[in-house]
Amino acid sequence: MADLPPSPDANGNTDVGPGRELPPGIPRWVKVFGIAALVLVLLVIIIMFVSGGSHGPGRHIPSGDASSHMPP
Amino acid sequence: MALVATSHPVMLAATCHHSTWGATAMTMAPNLRKFVLTAHITSSLGFLGAALAYLGLGISAVTSEDAQTVRAAWIAMEVIGWYVIVPLALAALLTGLVQALGTPWGLFRHYWVIITFVLTLFATVILLLHMPSVSALAEVARAADSAALGRLGGDLFHAGGGLLVLLVITVLNVYKPRGLTPYGWRKQHERRAAPQP
């Protein structure tokens, strides 16, 4: 967030048009981003199932509860 | 959000205006805004850099055949995780919230701000849930023999995934792709319609 948002009064170059009465739809980049994120999440879930439900380094821990470990 | 806006000392220097996000909103003074922005950039890029260092240690743990190197890498990953990555993640999240709510960007007005916030929150929660496992692995590495050390891996999945998320956040923050939410559009519409003082 390095800058302030563009002012609609300054350049008229925002998503609010002068005669616009309805809010704009969801931008295409948001839809593409959402689909890509969904595919990635599904991929991770599938990998987790294929690898036996564990994906983290905790699967190498021979015994004991990893959640009981705190900062050194 | 309101807690941040009302209880944080920086807000003492802020000015109030109405109907921005709810009843009353704060807009930070320019000097204060730059200070918070500096803190946000520093913590966010520090988070990214520390995650890169963590990945480097993880790669070293996977590729090295020297037991001492693997052991040292896991111990360093634990230390970096708790004492560098976790504080920077929390700082990036907090300063990002203050920055969003204390400027006209808002938190719910632009899609890129919402996505950035959700991804940062997601990365921080996963990090906090994952760090106890890293500590457990470092504990194992301290006492393990060479064969056991070879089976520890390098936590590359989390390091790589985390880096990907942080890079996406960085790109969104730099490019700021256009797109107002219905809420943001309504607020901007109201501001245009309001009589100028």
Side-chain angles (χ1 to χ4, degrees), chain A residues 1-41 43-48 50-72, chain B residues 33 37 40-41 74-75 78-79 81-83 86 96 99-100 103-106 109-113 115-116 119 129-140 144 148 151-155 157-158 161 164 168 172-174 176-186 188-189 191-192 196:
Chain A
M1 275 183 233
D3 311 305
L4 292 175
S7 165
D9 298 323
N11 50 24
N13 197 24
T14 68
D15 295 313
V16 181
R20 200 169 206 167
E21 293 303 325
L22 292 171
I26 298 173
R28 190 186 301 165
W29 73 266
V30 176
K31 292 176 185 170
V32 172
F33 188 91
I35 291 168
L38 197 67
V39 169
L40 264 178
V41 168
L43 206 63
V44 168
I45 291 172
I46 290 169
I47 289 171
M48 280 175 65
V50 168
S51 64
S54 180
H55 62 288
R59 67 182 185 274
H60 300 292
I61 299 171
S63 63
D65 179 17
S67 64
S68 64
H69 287 77
M70 292 311 289
Chain B
R33 185 174 64 79
L37 178 62
H40 182 57
I41 292 172
W74 269 105
I75 293 170
E78 181 190 24
V79 172
W82 282 114
Y83 295 137
V86 167
Q99 187 70 13
T103 66
W105 282 108
R109 295 177 176 203
H110 299 264
Y111 283 105
W112 75 266
V113 177
I115 293 173
T116 294
L119 288 178
L129 291 175
H130 178 60
M131 277 311 297
S133 295
V134 176
S135 286
L137 259 291
E139 197 63 41
V140 170
R151 291 194 297 272
L152 287 181
D155 198 17
F157 176 84
H158 285 97
L164 179 68
V168 169
L172 284 175
N173 274 261
V174 171
K176 300 179 177 62
R178 285 173 55 177
L180 283 171
T181 63
Y183 171 78
W185 178 86
R186 199 169 63 244
Q188 213 168 72
H189 213 67
R191 204 171 66 183
R192 283 171 64 91
Q196 297 299 315

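So that the names make sense, note that chain A is the first sequence line, chain B the second, and so on, each numbered from 1.
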| request: Output yes when a side-chain donor or acceptor of B:Trp185 lies under 3.5 Å from a complementary backbone atom of A:Gly25, and no otherwise. | output: no
| request: Would you indicate whether A:Leu40, at its atom CG, is surrounded by more than 12 heavy atoms from other residues, nucleotides or ligands within a distance under 6.0 Å? | output: yes
| request: Apply side chain to side chain contact (heavy atoms under 4.5 Å, CB included) to B:Val86 and list each qualifying residue two or more places apart in sequence or on a separate chain. | output: B:Trp82, B:Leu90, B:Leu127, B:Leu128, B:Met131
| request: Please report the closest heavy-atom contact between A:Pro27 and B:Gly179, naming both atoms and the distance. | output: CG-CA, 3.7 Å
| note | For B:Pro182, the side chain to side chain contact (heavy atoms under 4.5 Å, CB included) test, sequence neighbours excluded, returns A:Pro23, B:Tyr111
| note | The interface call for B:Leu129 against chain A, heavy-atom contacts under 4.5 Å, is neither
| message | Heavy-atom cut-off 4.5 Å, strictly under: side chain, backbone, both or neither for B:Ile75 against chain A? | response | neither
